Amino acid sequence: MLNKKLEYFVTLSQCLSFTQAAAAHSVSQTAISQYIAALENKLQVRLFNRNAHSVSLTDAGKFFYERVSFMMHYDSDTKKKLIAIAEQYSGYVKVGIGMYESRHTEDFFSRFLLAHSEIKVDIFQYPYGPLTEKLKSGELDVILANVLCENAFPKEELISRPMFASTNYLVADRSIAEKYPEGDAVAMLKSECLITNCEDSGPNSMDMLRQMLLREFGVVPERFAQTNSTDAQMMMVRARHGVAIVPDIVPEAKEKNLVRIKMNMGDMTRYDMIRLANNGNPSAQLLMDFEENPATKPEA
């Protein structure tokens, strides 16, 4: 297995700050500096350019970062698969879910785990940008996400199946909603801060949100607040910092002190289970195929 201190190099390569790298690993800057110096001496190449004002990767450092990131991913993956084998599992699958999907998939995963107790399943939650990138890199076998994530791939590279669809609602604290004509979502969007899980880039970007709001409602809010989880988003709504657009599957949006207004945005938002077509993990395929045949689904 790889030397754990290689994480010092990876962190420094990402943040380009000895202070931040030291804080991330709860060690001194001297410890980081000494390790990097020893690593450069061992490799006989300079990995970083550094002066009093900045730190940057050399070309050799960039190449080494790519290789080390690759090796560390598969080192971690190997450890997890070894554990799965030792615990007498016959398969292992890594699943990623987005910000909202956990609210509507508990029953599906409960049935899968009951039917396939021989499969070890790890589930991780990420914003849609990192979720998509981790599927691309192979760090995740399967993701369950907004259909927007599929736009980041050529169609022939993906295998997907619809899981569910949901209508979107504008949600506001009652004290905010009462300032506007009943049911007037556009008036609230014009005047209130919009609290969103959209990211700076990627399939669920702020630009995408602005274009969608302009296209559907002819308005772009003057103020936005970004969060990276549904819990944080709804906390901000309850704190009366602004309003949020969330799918109907979010139970917190149905609290009695909140007002929900249905957003007429064309078709319902679809959420799919997705894997790469070249993913050869049989456990991933088993998860993707689980209960797709209506005859195997439990009666309502």
Side-chain angles (χ1 to χ4, degrees), residues 73 77 92-109 111-112 119 121-169 196-217 226-230 233 244-250 263-294 297:
H73 160 61
D77 188 61
Y92 172 56
V93 60
K94 296 169 292 181
V95 181
I97 58 175
M99 295 295 97
Y100 301 113
E101 290 74 9
S102 63
R103 267 64 174 183
H104 204 64
T105 52
E106 297 96 333
D107 188 53
F108 172 84
F109 282 108
R111 294 195 306 274
F112 178 82
I119 304 296
V121 180
D122 285 345
I123 299 179
F124 306 90
Q125 187 173 41
Y126 299 101
Y128 290 130
L131 193 66
T132 303
E133 291 305 313
K134 289 177 184 297
L135 181 66
K136 284 182 179 179
S137 69
E139 189 172 339
L140 294 171
D141 294 304
V142 174
I143 66 171
L144 205 163
N146 188 308
V147 69
L148 284 171
C149 291
E150 297 181 27
N151 296 333
F153 302 85
K155 287 185 178 181
E156 64 273 12
E157 291 185 4
L158 290 183
I159 295 174
S160 67
R161 58 172 285 194
M163 292 296 289
F164 59 89
S166 182
T167 301
N168 289 310
Y169 283 79
T196 176
N197 283 333
C198 287
E199 302 148 58
D200 291 333
S201 59
N204 192 48
S205 69
M206 292 296 296
D207 284 343
M208 179 280 301
L209 176 63
R210 291 186 179 94
Q211 292 171 18
M212 181 274 292
L213 291 172
L214 187 61
R215 181 180 67 251
E216 299 289 341
F217 307 107
Q226 288 175 271
T227 54
N228 68 348
S229 74
T230 309
Q233 187 182 29
I245 298 174
V246 300
D248 192 37
I249 58 175
V250 177
M263 304 292 285
N264 296 315
M265 302 166 65
D267 295 336
M268 297 173 70
T269 301
R270 200 179 83 214
Y271 297 84
D272 289 357
M273 186 174 287
I274 309 162
R275 72 175 173 90
L276 294 180
N278 63 4
N279 183 299
N281 183 347
S283 298
Q285 182 173 338
L286 193 66
L287 179 66
M288 289 284 297
D289 294 341
F290 184 65
E291 292 185 351
E292 274 200 305
N293 183 345
K297 293 184 180 180

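In this text the structure is predicted, and so the values were computed from the model without any measurement.
- Between L209 atom CG and L214 atom CG the span is 11.0 Å, to the nearest 0.5 Å.
- In this structure, the side chains of Q125 and S229 stay at 4.5 Å or more apart for every pair of heavy atoms.
- One N or O on the side chain of Q226 and one on the backbone of C198 form a donor-acceptor pair closer than 3.5 Å.
- In terms of heavy-atom proximity, S205 sits nearest to D200 at CB-O, 4.1 Å.
- Going from atom CG of N151 over to atom CG of N204 covers 11.0 Å, rounded to the nearest 0.5 Å.
- Considering all non-hydrogen atoms of both residues, G129 and E199 come closest at N-OE1, 2.7 Å.
- P127 places a side-chain heavy atom less than 4.5 Å from the side chain of M99.
- T132 has its side chain out of reach of L135: every pair of non-hydrogen atoms, C-beta onward, lies at least 4.5 Å apart.
- Screening M206, M208, M212 against R210 for a side-chain contact (heavy atoms from CB on, under 4.5 Å) leaves a single residue, M206.
- The closest donor-acceptor contact from the side chain of D141 to the backbone of K94 lies under 3.5 Å.
- A donor-acceptor pair under 3.5 Å is formed between the side chain of R161 and the backbone N or O of M288.
- Nearest heavy-atom pair across A145 and L131 is CB-CD2, 3.6 Å.
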- Query: Given the rule in the side chain to side chain contact (heavy atoms under 4.5 Å, CB included) test, do V93 and I119 qualify, once you have shown the distances and angles that lead to the verdict?
  - Reply: CA-CA 7 Å; V93 60; I119 304 296; 4.1 Å; yes

- Message: Under the criterion side chain to side chain contact (heavy atoms under 4.5 Å, CB included), I'd like the reasoning laid out for E291 against F112: C-alpha separation, chi angles, the key distance, then a yes or no.
- Response: CA-CA 9 Å; E291 292 185 351; F112 178 82; over 6 Å; no

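- Closest approach of Y128 to P203, counting heavy atoms only: O-CG, 4.2 Å.
- Between the side chains of T269 and N146, not a single donor N or O lies within less than 3.5 Å of an accepting N or O.
- The side-chain heavy atoms of L287 and V121, taken from C-beta on, include no pair separated by under 4.5 Å.
- Within the 4.5 Å cutoff, no side-chain heavy atoms of K134 are placed close to those of I143.
- Panel note: side chain E150, backbone V147; no donor-acceptor pair is recorded below 3.5 Å.
- Atom OG of S160 and atom CE of M273 lie 11.0 Å apart (nearest 0.5 Å).
- Between atom CG of residue L140 and atom CD1 of residue I97 there is a gap of 10.5 Å, rounded to the nearest 0.5 Å.
- Interatomic distance, F217 CZ to N264 CG, rounded to the nearest 0.5 Å: 7.0 Å.
- If you check the side chains of Y92 and N281, you find no donor sitting under 3.5 Å from an acceptor.
- Just one of T196, N197, T227 meets the side-chain hydrogen bond (donor to acceptor under 3.5 Å, both in side chains) condition when paired with Q233; it is N197.
- Closest non-hydrogen pair, A284 versus V142, comes out as CB-CG2, 3.8 Å.
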- Output, in order, the C-alpha distance, side-chain angles, deciding distance and verdict of side chain to side chain contact (heavy atoms under 4.5 Å, CB included) for L158 and L276. CA-CA 5 Å; L158 290 183; L276 294 180; 3.9 Å; yes

- Message: One pair to check against side chain to side chain contact (heavy atoms under 4.5 Å, CB included): E139 and E133. What are the steps and the verdict?
- Response: CA-CA 9 Å; E139 189 172 339; E133 291 305 313; over 6 Å; no

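- In this pair, Y271 and F164 present their aromatic rings parallel. The plane angle is below 30°, not in the 30 to 60° band.
- Of all heavy-atom pairs between T105 and E101, the closest is OG1-O, 2.9 Å.
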